[in-house]
Amino acid sequence: MTTEPTSTHPALENKNWWRDAVVYQVYPRSFVESGGEGMGDIPGIVSRLDYLADLGVDAIWVSPFYTSPLHDGGYDVADYRSIDTRLGSLDDVDTLVEQAHARGIRVLLDLVPNHSSSEHPWFVELLAAGPGSPAWDRYVVREGRGPNREEPPNNWRSVFHGRGWSQILDAEGEPTGYWYLHLFDTTQPDLNWDNPEVHAEFRDILRFWFDRGIDGFRIDVAHGLVKEAGLPDFAYPEDGDPDATPAMFDEDVAHAPFWDQDGVHEIYREWRRVADEYDPPRVFCGETWVPNPERFARYQRPDELHTSFNFIYLEAGWDGERMRKAIDDTITDHARVGAPPTWVLSNHDVIRHRTRLAPVDDATGERDLERGLRRARAATVFTLALPGSMYIYQGEELGLPEVVDLPDEVRQDPAWFRSGGTDGRRDGCRVPIPWAGDAPSYGFGPGSASWLPQPADWSTMSVLAEQGVDGSTLELYRSALRARRESTALGEGPLVWLADAPAGVLAFSREDAGGASLVCALNLETTTAVLPAAWGSSVVIGGETAVWLRA
Ligand code: NOJ
């Protein structure tokens, strides 16, 4: 199928754009608001497309903006084909796509196929219908165990803590003895991917959005849709807290009967066929938390997803050995399937990398955020030189730290409530972006309010405060993205580690087909390092710094 291109911008001609793109993640509620209620929206995103074009990104991925009760920041979708009225309308999405394309920026949306919201018409229908009705088969529903079926069907836990099952109640509020699975919040029932109707519905949702001209989807929990037949109990690691679920990425749970099942690949083959019907073909990026590099690369086989976030690298921290191993494994395993690696350092679910990489003072337990910023900037420059594509999370280009002191009463992460306040701090990376000025909302919206309060000291990190300022993090990102775009040695292609790198320095060279080359070096130590003269000219680089040297 061919859809009319919404623009003839030359950047849109390259069908292989996704192989080395820099994609900017917009978390819509926190990007910029055009209204006045303290929540970001789609017209807000449209109003900042020039900013994104100047930054130099190739595409944006927009986290969910569909109709949703917002029990999990929009990852609880009540209608996959309509827009939450607080965030905009379908017309606004059309404008976003058209205006982004006019600037050569592609648009990826977020697809949430593992679960719907409990307010989705399908789940509402399930609650109204009796056991055994076709409506029940769209979700993972089983009879409970025990004499009165008062125990859940198995021992699976929710990623957000506590039981992974809730009992279905009848119209009088009485327990039915049947339970529905929710690997996340109780308001996020898991869909039953053994049911062909679910497959048909999602193919249709893909086409609905592809027909509107979007360029692809990021796939939520891409490794979770299929569950092992018979839903067997899982032997959780014994030292685990019985109410907590080990993080999805622990080796211990990687083989749980609800993650990374072989059957999930068939779904992506089916979707790839749909994406390939379009001209240009639409693309997918999986949120694929699979810690084994070989199993992870399988998702990127030529007839499946195009790319997936490399969380193995994100988890490597500020540790040269782990970083290098993650890079090597990823490149090797992706080469086997012919796919480009995809790098990411921050997103809306993890601690912002300025804070995550900051060293902790043993005496005070405080993180050194100045060093965190040095490391974050260096990590970004280093990562941008790796082969493949990269995702940037809104606000990291300003050097924003994680907000660690949000008052309990404003928190919204469902894991916060389900863990009794011991976990679920993802709101800290979702605080609205400072655009300008010295008082909240720092230009985020027309008023002073924002749905999560911004820290009092963010005025120096606003876009206005940093733009045009030599050495600011924003200008560092802009110049790195510009240089990356201009360099034929960067993007896809081989990487060669440089054996003569000084201790504590990770260095590799990249070369294009014509022989133009570039060296990238990351000094992980706090002391300066002298780079060998053989790499070009002898260069001294500061501690916790990265450089690109053009030969
Ligand atoms: C991953 C999303 O990124 C996260 O925000 C969400 O809570 C879970 N999937 C469940 O949809």
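For this chain, numbers begin at 1 and follow the sequence in order. Whatever order the structure lists them in is the order used to number ligands and atoms, beginning at 1.
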Contact atoms of ligand 1, heavy-atom distance to [X] under 4.0 Å:
X: Arg426; value: 4 (C), 5 (O), 6 (C), 7 (O)
X: Val221; value: 9 (N)
X: Phe160; value: 7 (O)
X: His115; value: 10 (C), 11 (O)
X: Arg430; value: 5 (O)

*Which one of Leu183, Val77, Asp220, Val159 has a non-hydrogen atom at the shortest distance from atom 11 (O) of ligand 1?*
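Closest candidate by heavy-atom distance is Asp220.
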
*Would one find more than 12 heavy atoms of other residues, nucleotides or ligands at under 6.0 Å from atom CD of Glu492?*
yes

Is the Lys NZ or Arg CZ of [X] less than 6.0 Å from the centre of [Y]'s six-membered ring, within 45° of the axis?
X: Arg157; Y: Tyr236; value: yes
X: Arg282; Y: Trp209; value: no
X: Arg142; Y: Trp179; value: no
X: Arg425; Y: Trp416; value: no

*Is any side-chain heavy atom of Leu111 closer than 4.5 Å to a side-chain heavy atom of Leu206?*
yes

_Mode of Arg218 contact toward ligand 1 - side chain, backbone, both, neither (heavy atoms, under 4.0 Å)_ = side chain

